[in-house]
Amino acid sequence: MGRAFVYVILGGGVAAGYAALEFTRRGVSDGELCIISEEPVAPYERPALSKGFLLPEAPARLPSFHTCVGANDEKLTPKWYKDHGIELVLGTRVKSVDVRRKTLLSSTGETISYKFLIIATGARALKLEEFGVEGSDAENVCYLRDLADANRLATVIQSSSNGNAVVIGGGYIGMECAASLVINKINVTMVFPEAHCMARLFTPKIATLYEDYYRTKGVKFIKGTVLTSFEFDSNGKVTAVNLKDGNQLPADLVVVGIGIRPNTSLFEGQLTIEKGGIKVNSKMQSSDSSVYAIGDVATFPVKLFGEMRRLEHVDSARKSARHAVSSIMDPVKTGEFDYLPFFYSRVFAFSWQFYGDPTGEVVHFGDYEDGKSFGAYWVKKGHLVGSFLEGGTKEEYEIISKATKLKPAVTIDLEELEKEGLKFAETV
Ligand code: FAD
């Protein structure tokens, strides 16, 4: 038993949603496109799960955050897929793929064949067990990758009001969840091995500003150590966590955000893998010409930096998706994917954006005292390669994005650059 489609998207996350919209804009016919996803719901904006979804009052719930509302575009509800003749196969895991035969085998035993396959399998949260810590399947230990995780976290939050949470990890998930827990009146302690939060992006100066603000909200930071084990009650619920530095922290709730692994396993041995992702060219095409990869699972050439990168951010998922569909449906007119890496986050009343590459020398600018509008530039080999801005307006973000994309030479000395601040980007 099997069905055949011209185009199949494997995975139903952010990239899949944006790819579907692009397919319809380029004129896909009824019955040509199938999306197959393990999740039981149509593609949605995953970043909402650590933000609006966890609010105590009027939390965001589907269908409000289906793709592509995050890019101020159409909201693709299940009805939209139906109306556009797109087969949405939900709640169905693909358990194997035969790239040579161009077929997928689903967990329900169905074989689906394709002419073009787009891999959009994203990534999974790393588990503590992978670092030798047992017991993270306890009911009050939460990861956050998909809607099921978010529902569970929201339930545990509700039953932990005025209690204690331990957040493991100081990256995006840790920082955003900690803020949401505080808003839900939970006492938060963050634990991570690095010297400061958001270690891959923030400088110590930027991190200090956010951490100080978190402290005013009652958040405690325990740095330079990791979780080694849990304490449980007789029902198997975690009651405390033990840290390597000897500390024990009481916990009604533990949130773990220690990184992700791209879901490449179906393709190992069949497609070229690089930097942990499926290697694609500037058309998002893998080592098999019928197979494309997009979003968190793809390692693609970032032209601006002359390097292969795998990014774990929503903007690259959206844009790589559109580019892959354009490459498939209009190969002659579609050029190289020329992407400027872009990340953002929102916590409490803060909102920042980053463009480019956080490497080289850093120049901080703006007002770090009032903490409302400040930024940083990264300068490498005499060129601007990265820009960070907190509290910018739409226009200001556009200015730093455009300037960074041009990788301009920085001809003034760095002290002067600090004084110029945003004005430097404006005049590029
Ligand atoms: P995903 O959205 O993860 O989708 C992958 C899909 O594939 C899932 O539906 C999965 O179930 C499915 N799948 C995987 N394997 C199979 C299989 N074998 N069979 C069937 N289906 C399968 N980025 C930012 O830039 N800013 C943010 O503020 C931000 N916030 C975030 C907050 C949270 C809580 C999370 C989890 C991520 C956040 N991100 C953020 C990252 C962003 O959401 C991801 O970069 C984006 O979702 C990647 O899209 P994707 O389509 O590649 O993968």
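As the structure lists them, so they are numbered: ligands from 1, and atoms in each ligand from 1.
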Asks: With atoms numbered from 1 as shown, which atoms in ligand 1 lie under 4.0 angstrom from a non-hydrogen atom of Ala317?
Replies: 48 (C), 49 (O)
Asks: Starting from atom 33 (C) of ligand 1, locate the nearest protein heavy atom and write down its residue, its atom name and how far away it is, to 0.1 Å.
Replies: Ile173 CD1, 3.6 Å
Asks: For atom 4 (O) of ligand 1, which protein heavy atom lies nearest, and how many Å away is it?
Replies: Gly13 CA, 3.2 Å
Asks: Looking at Arg318 and Asp315, is there a salt bridge between them, counting it only when a charged N and a carboxylate O are closer than 4.0 Å?
Replies: no
Asks: Which ligand 1 atoms, with their elements, are less than 4.0 angstrom from a heavy-atom of Gly295?
Replies: 52 (O)
Asks: Centre of Phe53's six-membered ring, under 6.0 Å away, within 45 degrees of the axis: is that where NZ or CZ of Arg61 sits?
Replies: yes
Asks: Can you sort out which atoms of ligand 1 are near Leu266, meaning under 4.0 Å from one of its heavy atoms?
Replies: 18 (N)
Asks: Which heavy-atom pair separates Thr264 from Ile273 by the least distance, and what is that distance?
Replies: CB-CD1, 4.0 Å
Asks: With sequence neighbours excluded, tell me which residues meet ring-ring contact (aromatic ring centres under 6.0 Å, His included) with Phe343.
Replies: His313, Phe354
Asks: Give me the nearest non-hydrogen protein atom to atom 10 (C) of ligand 1 as residue plus atom name, then the distance to 0.1 Å.
Replies: Glu39 OE2, 4.1 Å
Asks: May I ask you to check whether Arg46 and Tyr44 show a side-chain donor-acceptor distance below 3.5 Å?
Replies: yes
Asks: Does the distance from a Lys or Arg side-chain N to an Asp or Glu carboxylate O, for Arg124 and Glu38, drop under 4.0 Å?
Replies: no
Asks: For Phe388, enumerate each residue passing the ring-ring contact (aromatic ring centres under 6.0 Å, His included) test, keeping only those at least two apart in sequence or located in another chain.
Replies: Phe202, Trp352
Asks: Is a side-chain donor or acceptor of Asp252 paired with a backbone partner of Asn164 at a separation under 3.5 angstrom?
Replies: yes
Asks: State whether the shortest distance between N or O atoms of Ala15 and N or O atoms of ligand 1 falls below 3.5 angstrom.
Replies: yes
Asks: I'd like to know whether ligand 1 has Thr92 as a neighbour, heavy-atom separation below 4.0 Å.
Replies: yes
Asks: Is there a heavy atom of Glu176 sitting under 4.0 angstrom from any atom of ligand 1?
Replies: yes
Asks: Please confirm whether Arg46 comes within less than 3.5 Å of ligand 1 when only nitrogen or oxygen atoms on both sides are compared.
Replies: yes
Asks: Would you say ligand 1 has an N or O under 3.5 Å from any N or O of Asp296?
Replies: yes
Asks: Between ligand 1 and Val297, is the shortest N or O to N or O distance under 3.5 Å?
Replies: no
Asks: What verdict does the side-chain hydrogen bond (donor to acceptor under 3.5 Å, both in side chains) test give for Ser345 and Glu176, after you've listed the backbone C-alpha separation in whole Å, the side-chain angles of each residue and the deciding distance to 0.1 Å?
Replies: CA-CA 8 Å; Ser345 183; Glu176 293 191 3; 2.6 Å; yes
Asks: For ligand 1, which atoms have a heavy atom of Ser37 less than 4.0 angstrom away?
Replies: 9 (O), 20 (C), 21 (N)
Asks: Hey, mind stepping through Tyr143 and Ser136 against side-chain hydrogen bond (donor to acceptor under 3.5 Å, both in side chains) and telling me if it holds?
Replies: CA-CA 9 Å; Tyr143 292 87; Ser136 80; 2.6 Å; yes
Asks: Quick one: does Val94 get an N or O within less than 3.5 Å of an N or O on ligand 1?
Replies: yes
Asks: Which of the numbered atoms in ligand 1 are under 4.0 angstrom from any heavy atom belonging to Asn263?
Replies: 14 (C)
Asks: Looking only at non-hydrogen atoms, find the nearest pair between Thr404 and Gly356 and report the distance.
Replies: CG2-CA, 4.0 Å
Asks: Among protein heavy atoms, which lies nearest atom 23 (N) of ligand 1, and at what distance?
Replies: Val314 N, 3.3 Å
Asks: Go through ligand 1 atom by atom and flag the ones less than 4.0 Å from a non-hydrogen atom of Leu10.
Replies: 19 (N), 20 (C)
Asks: For Val14, is at least one N or O under 3.5 Å away from an N or O on ligand 1?
Replies: yes
Asks: Only heavy atoms count here, so choose which of Leu144, Val89, Thr121, Asp146 is nearest to atom 16 (C) of ligand 1.
Replies: Thr121
Asks: Under a 4.0 Å threshold between the charged nitrogen and the carboxylate oxygen, would Arg145 count as salt-bridged to Asp296?
Replies: yes
Asks: Output the list of atoms in ligand 1 that are nearer than 4.0 Å to some heavy atom of Gly122, sorted by atom number.
Replies: 3 (O), 5 (C), 52 (O), 53 (O)
Asks: Heavy atom to atom 28 (O) of ligand 1, shortest distance: which of His313, Lys51, Glu312, Arg318 holds it?
Replies: Lys51
Asks: Run down the list Ala19, Pro47, Gly11 and name the one with the heavy atom closest to atom 31 (C) of ligand 1.
Replies: Pro47
Asks: So, for Ile9 and Ala120, which heavy atoms are closest and what is the spacing to 0.1 Å?
Replies: CG2-CB, 4.0 Å
Asks: Quick check on ring pair (Phe, Tyr, Trp, His ring centres under 6.0 Å): which of Tyr114, Phe23, Tyr292 does Tyr7 satisfy it with?
Replies: Phe23
Asks: Closest non-hydrogen protein atom to atom 3 (O) of ligand 1, residue and atom name please, with distance?
Replies: Arg145 NH2, 2.7 Å
Asks: Below the 3.5 angstrom mark, is there an N/O of Ser50, backbone or side chain, next to an N/O of ligand 1?
Replies: no
Asks: Ignoring angles and geometry beyond distance, decide whether Tyr344 reaches within less than 3.5 Å of ligand 1 through its nitrogen or oxygen atoms.
Replies: yes
Asks: Considering heavy atoms of the protein only, find what lies nearest to atom 21 (N) of ligand 1 and give residue, atom and distance to 0.1 Å.
Replies: Glu38 N, 3.0 Å
Asks: Test side-chain hydrogen bond (donor to acceptor under 3.5 Å, both in side chains) on Tyr210 and Glu390 and set out the steps.
Replies: CA-CA 11 Å; Tyr210 291 101; Glu390 163 65 48; 2.5 Å; yes
